[in-house]
Amino acid sequence: MEISSRYNPKETEPKILQRWLKGSVYHAKKDPSKEPFSIVIPPPNITGILHMGHALNNTIQDVLIRYRRMQNYQALWMPGTDHAGIATQNVVERALAKEGKTKEDIGREEFQKHLWSWRDKYGSTIIDQLKTIGASCDWGRLRFTMDQAYSQTVGGVFLELFKQDLIYRGNYIINWCPRCKTALSDEEAAHKEVDGWLYYLRYPVKTKKNEKKFIIVATTRPETMLGDTAIAINPKDKRYDWLKNAKVILPIVDKELSIIQDEAVDPEFGTGVVKVTPAHDPVDFQLGKKHNLEFINIMNEDATLNKNVPETFQGIDRFEARAMLVELLTKKKLIEKKEPYNLGAGHCYRCNTIVESRISLQWFVKMKPLAQEAIKVVQQDKVKFYPNRWKKVYLNWMFNIQDWCISRQIWWGHRIPVWYCQNCYNPNSNDKKGIIAAKKAPKKCSDCGSDKLTQDKDVLDTWFSSWLWPFATFGWPFDGRGTKDDRRRTKNKKIQEEEFEYFYPTNTLVTASEILFFWVARMIMASLKFTGKIPFSDVIIHGTVRDDEGIKMSKSLGNVIDPLEITDKYGADALRFSLIFLAASGSDVYLSSDKFLTGRNFLNKIWNAARFIFSQIQNKKIKIDKLDYKLEDESDAWILNQLNKTIIDCSGLIENYRLDEAIKTAYDFFWHSFCDWYLEIIKDNFSKTKANNSVFILLSSLKLLHPFIPFISEKIFSLIKQNCSLDLADFISESGWPLEKKINLEPQSLAVFTKIVDSVDKIRDLRGDLGLGQQKLSLQVKTEAKLKEVWARHKGWFCRLVNAETITLVDSLERVFYQNKYWAINLKIGSADLAKFSHALDKKINNFNSLIKKTEGKLKNKKFIKNAPKNVVEKEKSKKSDFSHQLTRLKNLKEIIV
RNA sequence: GGGCGGUUAGCUCAGUUGGUUUAGAGCGUCUCGUUUACACCGAGAGGGUCGUGGGUUCGAAUCCUACACCGCCCACCA
């Protein structure tokens, strides 16, 4: 069989993928004979297109899942997508705008049809992309946060929280995005610094004596003055005692402001006088409540000013109004000064527009009661973070948790299951009168019997459905809900419940730090509240993907590397390999496209190692029908010993989520032990046993590597099946994780062999130091009688690897180039670059001199002898004698040769 | 303002409880090699007073402390 010398992932990967999908190898159902292992995917947005962050996130999950699957766990990776309320609505609105229409033009119902058809058309793009990078999800279970069953769960949770008084509706100050025209939660308004000005405004004051005075207030948002209803000072601030009985007039609006005293005012900041705009600032809102001030909402939904401001400003955008006001106030000499100022302003996390603080009627979840248990489980390490430092971040946020605004004024999402009685509901009252929360539209008001009911127009925050993800995806609360189709796909109630019992809590959640509060914290709260269980025991928080200058990859900055481009060029395996290789636990990943060469080169190395083994087997017509590892000579024990170590290390590292270290360990073994040594050693002596052994090592390596690079390992696995008549599973993931294989060998002979390998290195060094070029060497080896037969056995390949003609075993040497505790070696050489060699020797001699000095220093130190553990002292002593021996040898060599 | 992380070779980073490392790897650089698995390769070389100053210790890249610079998160200073 002809095998190309270049591995071609583009040809291989799609075929392998098809086999996986057809074979449904990744389907996991309850199997009491196996331990369960489960992960729920962080559901990508249906608007999403695979980016490097997804690639990293899902590769990590896939490695864990594939590893456990091979370890004979029942490994379930639950896939799905998120409806992503605002994001999706924005996308579909933009598409509509291209036709010159707005969503208002076509109406809510029609717009929703657009949303669904968009979702049907593009919503699974990212799922297909995940498949191409090898994600081994149980695709048959694919969930969507707006599946009917899932939606019913969301609604049910709302009703339950409402019943328990953990949800309330009220007029509060919230973050408002004037572009998306909806309320946002605190988390959705990202604080960023914005260059701006701090304006010092002069407000006229009339004192009792009718003096004309001014007070100066500082503000970054002058337009809000149109909604001012008070002036606040600190009661202890003596400077403003005179103000307490005076009247402050709000310029332009020309009305009197009340004067309040509050400790919250910092006399040190600005002028010590604060203008109070209760309807447009969170602090002022509190002041307003406390001091019973008037709340004047001055803005429309789109942040233009409304009819509550003087006519000139009505309908003007907030920023334009700011400019106008500054100009007008300047004219009136009412601006004392302005200073450059960086203000932290909230930005909409979906469209980056600066949000406004605005009072509006919204639904909220009381978070403090939910947080209590979620704090405990993390404190008690029932839920653990990797890296552990996130524990503190999590707890800090939980201790200071604020109520969660969950209503959104958009059309894409779960409609709030609440109806208001037109007759008896009073939005300004705190009781629930006239609010009917129900699964289905009620006929009559349960309070007054009126049939004039209207449903709340809003939908729920997307995260209000995502926080149920780990258990809602299993069909919780198992009441056979959903459409027939849902039920067919999600199986019947009993199976669902059993599966939940079996797989839940899930094991590991893999996510980026950005959504720790949005999602992770809330899932823990929701799961504890509704299922009484933690949702997962381990949370892996990986880093952010950045470009090679350390800047976060983002479409708008144009610095993204498209994972699919990499897949196209180098293959999904190369992408996965390099991402894992670079992602040290929790630290950010700096990418440039050449970083993927490491992965590509490695794949090619594997490919060629396999190609070499197969070609040898074919050429020599060796038949391999069972993998019976035999020790023909020491090299077989040596490589097996290293494989055993690699298996142990690799497994441990994966279990501790040190995937980068795990892949490096496997990489190092395969390339530098197996290829560089074992395959080189056996080249000339490719016996049946060696063939057998090399296939065994290859197969074991492939298994170790499979979680990281599934395609190529599957491909070569199938080639092994073809080339050797072995009874192997259909898929590598069903063939089991490699186990250590015991070897019966005295440790002594392994040590001797290691010294032979070491001798090759040393002679290669000497070749360089002596400047021998391609000169063929003759070696003389002096060793004890019983080691002579060992040398006789390994002479052949040894010569080849050091480029020597002969090795003679002798009883005495005229000079010694290399020596260890088993043997000494002399090189018989023709011409050499003696100056170069002398220089190299000097360098080594100096090095040993300083090392000896260092160890002597330690050994002369009485405190060291007294305090250091015995073994450390012993080690230091043997180091010293070893160094001295080597030094003597080098000095002799120099005398003889140079 | 509070909290967290980082600073080790030209670049990207390992270095787990202080002594198994004479501070390592990958990439890049330089030298040699086309001996048919692989030039997407092989062999070798050069390159670091481990951010700075103190301290603990027989012994510090590793622990403590102060400082500097970089990055992130949280926070209502108008």
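Every chain is numbered from 1, with letters handed out A, B, ... down the list of sequences. Computed over heavy atoms, backbone and side chain alike; hydrogens, waters and symmetry mates excluded.
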Can you tell me if [X] and [Y] form a side-chain donor-acceptor pair at under 3.5 Å?
X      : Y      : result
A/Q261 : A/Y240 : no
A/D281 : A/S357 : no
A/Y818 : A/D765 : no

Mind checking side-chain hydrogen bond (donor to acceptor under 3.5 Å, both in side chains) for [X] and listing every partner two or more places apart, or none if nothing turns up?
X      : value
A/Y172 : none
A/K620 : A/Q616
A/N601 : none

- Determine, for nucleotides 15-35 of chain B in 5'-to-3' order, which nucleotides have protein heavy atoms under 4.0 Å from the base (write B), from only the sugar-phosphate (write S), or from neither (write -). S---B--B---S-----S---

For [X], report the nucleic acid contact type (base, sugar-phosphate, nothing); a contact means any heavy atom under 4.0 Å.
X      : answer
A/D761 : sugar-phosphate
A/F399 : nothing
A/K843 : sugar-phosphate
A/N861 : sugar-phosphate

For atom [atom1] of [X] and atom [atom2] of [N], their distance in whole Å:
X      : N     : atom1 : atom2 : answer
A/D769 : B/A45 : CG    : C1'   : 10 Å
A/W607 : B/C41 : CH2   : P     : 17 Å
A/W390 : B/G5  : CH2   : C1'   : 9 Å
A/I541 : B/C72 : CD1   : C1'   : 13 Å

- Query: So which of A/W404, A/Y394, A/W390, A/W397 actually passes ring pair (Phe, Tyr, Trp, His ring centres under 6.0 Å) with A/F517?
  - Reply: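 Checked A/W404, A/Y394, A/W390, A/W397 against A/F517; only one passes ring pair (Phe, Tyr, Trp, His ring centres under 6.0 Å): A/W397.
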
- Among A/F596, A/F581, A/Y667, which one satisfies ring pair (Phe, Tyr, Trp, His ring centres under 6.0 Å) with A/F602?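 Option passing the ring pair (Phe, Tyr, Trp, His ring centres under 6.0 Å) with A/F602: A/Y667.
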
- Message: Can you tell me if A/R6 touches the phosphate of B/C40, counting only side-chain N or O atoms and a distance under 4.0 Å to OP1 or OP2?
- Response: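 It does, given that an N or O in the side chain of A/R6 lies less than 4.0 Å from OP1 or OP2 of B/C40.
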
- Query: Any donor-acceptor pair under 3.5 Å between the side chain of A/R600 and the base of B/C40?
  - Reply: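 Side chain to base: pair found, below 3.5 Å.
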
- Query: So does A/K605 reach the base of B/C38 with its side chain, donor to acceptor, closer than 3.5 Å?
  - Reply: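 Looking at the base of B/C38, it does pair with a donor or acceptor on the side chain of A/K605 (distance under 3.5 Å).
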
- Message: For A/K843, give me all partners under side-chain contact (heavy atoms from CB on, under 4.5 Å), at least two apart in sequence or on another chain.
- Response: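 Once residues adjacent in sequence are excluded, A/K843 has no partner under the side-chain contact (heavy atoms from CB on, under 4.5 Å) criterion.
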
- Query: Would you write out the dot-bracket form of RNA chain B, 5' to 3', with Watson-Crick and G-U pairs under 3.5 Å, [ ] for crossing pairs, | for pairs to other strands and . for unpaired bases?
  - Reply: (((((((..((((.....[....)))).(((((.......))))).....(((((..]....))))))))))))....

